[in-house]
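For reference, the structure discussed in these notes is given below.
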There are 2 protein chains.
Amino acid sequence: MNDNAPRNAPVAPRRGTRRGLALDELTLAEGFWRDRQRTNADATFAHCLAWMERLGWIANFDRVAESDTAGPRPGWQFSDSEVYKLIEALAWESGRSGDARAEAILESLVDRIAAAQDEDGYLNTCYGHEGQAPRYSDLSSGHELYCTGHLLQAAVARVRTAGEDELVAIARRAADHVCREFGPDANTGICGHPEIEVGLAELGRALDEPRYLEQARLFIERRGRGTLAPVALLDASYFQDDKPVREADVWRGHAVRALYLAAGAVDVAVDTDDAELFDAVARQWDRSVERRTYLTGGMGSRHQDEGFGEDWELPPDRAYCETCAGIASVMVSWRLHLATGDVRYADLIERTLYNVIAASPAEDGRSFFYANPLHQRTAAGDVRPDAVNPRAEGGARAPWFDVSCCPTNLARTLATWQAYTATVDGDEVSLLQYAPGLLRVALESGELALDIATAYPHEGTIRITVREAPEGPVRLRLRIPSWATGATLHDGHEAHPASPGWATTQLRRGDTLTLELPTTPRLTWPDERIDAVRGCVAVEKGPLVLCAESIDLPEGWPIESLRLDTGTPPQPNGDGATVQVSKAATPLPHQGAVPYRATPDPSEAPDTAELQLIPYHRWAQRGSSTMRIFLPVQAARNA
Amino acid sequence: MNDNAPRNAPVAPRRGTRRGLALDELTLAEGFWRDRQRTNADATFAHCLAWMERLGWIANFDRVAESDTAGPRPGWQFSDSEVYKLIEALAWESGRSGDARAEAILESLVDRIAAAQDEDGYLNTCYGHEGQAPRYSDLSSGHELYCTGHLLQAAVARVRTAGEDELVAIARRAADHVCREFGPDANTGICGHPEIEVGLAELGRALDEPRYLEQARLFIERRGRGTLAPVALLDASYFQDDKPVREADVWRGHAVRALYLAAGAVDVAVDTDDAELFDAVARQWDRSVERRTYLTGGMGSRHQDEGFGEDWELPPDRAYCETCAGIASVMVSWRLHLATGDVRYADLIERTLYNVIAASPAEDGRSFFYANPLHQRTAAGDVRPDAVNPRAEGGARAPWFDVSCCPTNLARTLATWQAYTATVDGDEVSLLQYAPGLLRVALESGELALDIATAYPHEGTIRITVREAPEGPVRLRLRIPSWATGATLHDGHEAHPASPGWATTQLRRGDTLTLELPTTPRLTWPDERIDAVRGCVAVEKGPLVLCAESIDLPEGWPIESLRLDTGTPPQPNGDGATVQVSKAATPLPHQGAVPYRATPDPSEAPDTAELQLIPYHRWAQRGSSTMRIFLPVQAARNA
């Protein structure tokens with residue numbers, strides 16, 4: 001048992017000495033993430049609630065409570081999970097900030113849910129009641145255990161911030177029901193959409209109930225044996241039922257499913273000390289991150305199955321990069337980091353936080369990207385603020401979706417942002433993500449308080465002042481991101497070069513440290529095996545991926561005409577950069593009617609211009625636009 | 001009325017003087033297409049029949065006849081259409097070659113279908129009977145009119161080759177029923193999947209029944225007004241209900257739907273002399289072929305909706321290029337060519353015939369490609385010869401599919417191949433496609449017989465001997481493909497250069513002409529706006545697109561390591577070419593775990609080799625493999 005496990009955090013492994021931050025250990029000051037967390041609490045919670053009331057997704061619980069389920073039921077079969085994810089967000093927010101609005105909504109929702117729970121603990125508004133299909137009659141697509149998993153995660157948030165209450169009791173009954181129905185001698189099925197595993201494992205930790213971990217382990221072990229009935233035109237890899245987790249080498253199929261499953265597998269592997277299972281997920285991370293991950297950290301190359309593609313299949317235009325897959329990727333990397341301390345996991349978390357998760361919500365927290373492509377060829381049509389949108393193709397933030405998993409997933413993630421910013425191990429603190437605020441943690445030898453001042457990610461200076469520290473030696477490790485070549489750490493006396501990885505220092509009260517991460521805009525080149533961006537380059541600035549957006553282009557330059565002059569270094573400009581571009585020459589006439597010919601395109605590019613690139617997370621905020629991250633380089637012609 | 005309209009051909013417009021070839025006007029000799037047509041008759045027909053019997057798709061008709069429809073019905077809601085397409089193929093084959101086996105199967109199928117027709121002419125095995133949803137209760141997805149359209153096309157084949165018989169009578173009743181149900185004062189709906197339009201128009205021509213054309217016109221005009229209920233997550237463009245045909249500028253949404261609709265629209269436009277409608281389709285062809293068409297002629301860039309992508313969105317790996325879309329593209333281009341004589345339509349037909357349609361069937365005619373990608377990253381698993389496959393991802397020919405539209409579509413297309421090879425206009429014959437055989441056509445001034453000797457497409461020499469000719473002047477036009485720069489026509493006396501377009505000559509009995517089309521392998525460059533193949537080039541040889549297949553690579557060279565040395569011209573080698581390639585240097589280590597870094601990949605490429613490229617239509621015949629058409633060029637590095 002890890003006695004260091006934080007009271008107030010989403011993930012608390014039972015083994016290992018490293019722990020994540022409790023949410024109340026970092027008080028954010030004004031800045032990039034404080035803004036987003038405030039908007040989340042002030043706008044997004046009420047927005048999600050209003051849509052789910054309007055669409056009847058919450059009333060579905062009332063109808064079960066009132067035995068009024070014979071008629072048609074609004075929402076997809078998994079709509080209950082959205083209510084649970086909102087409850088989870090509310091619980092973390094209320095627990096972290098004491099937000100009374102969040103607490104009131106939470107309590108009212110829990111009452112309605114409680115009334116819908118069957119006597120034996122089963123809780124689902126789509127199955128098992130009058131006029132509905134029987135319980136667990138469609139494990140492939142029914143999502144019942146998936147919904148339960150989200151209920152359990154919500155209860156974890158509650159028990160860790162408020163103790164055992166009605167929600168926790170509901171979750172206990174639901175988890176006990178699952179253990180009875182799917183235990184070793186019962187139904188040997190699994191759910192088409194993983195999630196129950198991670199929910200059971202963490203609730204087991206939170207309630208110190210090993211049966212839940214064991215049930216999670218059973219679900220993990222049963223998967224990959226082809227027992228799920230096929231869904232339409234997709235094969236078993238769609239829901240990772242093609243190969244057992246411990247045998248797979250790479251993530252495949254539906255990205256969110258693959259990643260939720262991986263998160264649950266890490267939890268089980270860590271708590272059961274199963275090195276083979278742990279190594280399998282770590283191996284899958286290595287290969288998937290190397291070959292199936294976008295520059296933004298986004299995962300999912302295909303719209304068809306919302307899934308991973310083959311190795312090196314990373315089209316920027318058809319990138320799916322679902323917001324939820326970004327969130328799930330953070331879930332997995334965070335668990336792997338807690339277990340290993342490997343800095344690469346924290347690097348990927350940062351990339352994903354700034355370029356997937358921060359990109360999704362609009363500034364007002366009331367519309368969201370579902371897909372996060374890296375290249376928008378045609379400006380999306382306007383989204384009607386009053387309408388449910390189909391699962392977005394990308395290019396427009398929408399208030400709500402037919403399948404609306406992303407808004408509530410963002411809500412719970414933003415409410416817990418602090419959790420991922422640092423780890424504590426004995427008398428060592430490791431800072432992983434940089435944001436201004438006051439960090440106050442209890443170390444083995446006493447309390448440490450650090451004042452962090454920074455305008456990160458827009459500036460690379462991070463000033464840390466030690467407000468309080470124990471007498472004995474305390475170690476501080478600062479993550480130097482993999483992109484931060486040339487960083488320096490000034491310890492109050494002199495500046496030391498800091499290479500990517502960790503910069504380590506001893507702390508004493510009154511010390512002031514200054515970390516300088518370079519935020520000069522830089523060129524980033526893709527591996528040549530990524531066919532879809534051959535001959536192209538991207539520009540990054542600090543942790544931010546930049547992009548060209550049509551609104552910033554010279555009159556008459558389509559987005560596909562842009563060619564980047566790599567001979568002129570990008571210059572910093574606000575939160576973005578200015579680059580030198582040229583306009584591609586008019587293509588030669590085709591030979592025949594198809595766009596192919598016997599001669600390569602001309603290489604001269606007469607018009608040149610300066611172009612402002614902006615952070616990718618801000619694109620499409622100024623209206624409907626075309627956009628691209630990877631720009632063809634001026635020199636790389638077809639000859 | 002076009003009095004020249006051929007008795008025995010799939011398309012016979014009522015206006016215009018140019019007509020296509022009747023199937024019996026060209027007797028093929030041994031060669032590329034004779035092989036395929038024979039395999040079609042000898043193997044594919046029986047193969048399709050056996051699968052449809054096995055799966056109960058034909059027995060569905062028996063069950064309707066026996067009022068035994070209360071139980072579950074096998075097959076998708078559109079499975080009737082497969083039976084009709086097979087009947088169409090059988091009718092053309094029987095009519096063209098007198099194949100007694102085809103005739104016997106046809107008659108037996110027609111008897112079973114006849115018994116399932118309702119008294120009022122409605123004929124569908126999925127709707128309108130006991131235990132089934134009511135007729136036309138799901139126009140978006142029900143496919144009832146789609147199925148009827150295929151029934152009408154089958155009847156066209158029958159009436160033009162055998163006269164009015166039971167099948168034609170069934171189709172008449174079905175068409176009359178549609179005119180009553182969906183006429184001007186009745187149901188104003190349309191079918192989610194276009195096809196009824198082209199079926200009604202041609203049956204109207206074949207039976208001289210203007211009501212059918214008028215009903216086709218009504219369906220065309222009603223479309224594009226957003227009346228179809230949305231299907232899952234797709235918008236109205238999926239079934240071209242977003243914009244009226246006469247207003248649209250480009251094809252979009254589901255490719256087969258878009259193209260069947262366009263074919264019907266051309267038929268209606270030609271017969272009603274509607275220049276605006278005709279010009280709309282011609283305009284859509286121009287832009288779609290310029291910006292949304294693959295080098296193979298394939299159409300459909302997206303798996304998600306089996307649809308067209310945006311302009312220039314042409315990923316080679318995720319190319320869908322459904323076989324049926326290739327067939328539908330030929331249907332549209334053929335109609336446009338008949339109306340205009342524009343050689344570009346025949347060029348695209350050739351490209352599609354050799355690189356989509358010829359690619360689909362295996363040599364034995366018993367398995368098929370459904371999708372036709374231009375780049376296969378991972379070898380497909382083996383296909384079990386005894387199993388129904390999900391709609392294929394590409395890479396393996398499968399015997400049958402869950403949605404199995406392609407095999408029967410190929411069957412009817414191969415049975416009518418002769419129809420697309422030439423046109424006749426007064427005393428002028430235009431040869432569009434080259435194959436060995438005897439062409440015998442009745443011209444205004446008498447009979448013309450041409451002996452055609454060629455090993456095309458493998459050789460570029462086409463020798464034409466005039467066996468019979470009328471006394472008066474007869475003009476022969478030979479299509480010079482757009483790729484055939486440097487062609488010559490030897491008229492028996494001297495060689496004349498022949499530029500892409502038409503080579504025209506006067507014919508007299510005894511003349512011998514020799515057309516030389518260059519078949520030296522050549523490099524073909526993509527328009528630079530096609531991001532997905534930037535820095536790559538393809539190799540073509542005559543009408544054949546070539547590809548590199550893993551089985552031909554040096555040991556230890558993955559398909560993605562290939563770099564083409566464009567300085568060494570490709571050399572002819574059998575039906576393919578030999579090229580000089582190098583192996584890409586080992587990529588630099590990534591910066592962090594993601595496949596992006598601060599420096600471009602190295603440009604040196606140490607190992608070189610000769611590589612045999614094969615015609616794309618032959619790939620995956622030697623077992624499961626990886627493959628690519630567009631090869632990165634050695635010089636175009638990331639710097």
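First the proteins, then the strands, lettered A, B, ... as listed; each starts at 1.
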Of all of [options], which one pairs up most often with chain A through heavy atoms under 4.5 Å apart?
options                        : answer
B:V594, B:T293, B:D286         : B:V594
B:R522, B:R292, B:R351, B:E540 : B:R351
B:T378, B:T524, B:D531, B:V537 : B:D531

What part of [X] gets within 4.5 angstrom of chain A, counting heavy atoms only: side chain, backbone, both, or neither?
X      : value
B:D305 : neither
B:L314 : side chain
B:A532 : backbone
B:L523 : backbone
B:R302 : side chain
B:R377 : side chain
B:D317 : side chain
B:W483 : both
B:F630 : side chain
B:R344 : side chain

request  = Please list, chain by chain and in numerical order, all residues satisfying side chain to side chain contact (heavy atoms under 4.5 Å, CB included) with A:S404, sequence neighbours excluded.
outcome  = A:W57, A:W400, A:F401, A:P407
remark   = Sorted by chain and number, sequence neighbours left out, side chain to side chain contact (heavy atoms under 4.5 Å, CB included) with B:D347 holds for B:V343, B:R479, B:P481, B:S482
Looking only at heavy atoms, which two atoms of [X] and [Y] are closest? And how far apart?
X      : Y      : value
A:P595 : B:W312 : CB-CZ3, 3.9 Å
B:T599 : A:W525 : C-CD1, 3.5 Å
A:P526 : B:R597 : O-NH1, 4.4 Å
B:I530 : A:Y596 : CD1-CE2, 3.7 Å

inquiry  = Looking at chain B, which one of A:R628, A:E560, A:E290, A:R291 has the largest number of heavy-atom pairs inside 4.5 Å, strictly under?
reply    = A:E290
request  = Report yes if some heavy atom in the side chain of A:H375 is under 4.5 Å from a heavy atom in the side chain of B:E310; otherwise report no.
outcome  = no
ask   = Do B:R534 and A:V533 come within less than 4.5 Å of each other through their side chains, counting heavy atoms only?
value = no
request  = Name the region of A:D311, side chain, backbone, both or neither, that has any atom closer than 4.5 Å to a heavy atom of chain B.
outcome  = backbone
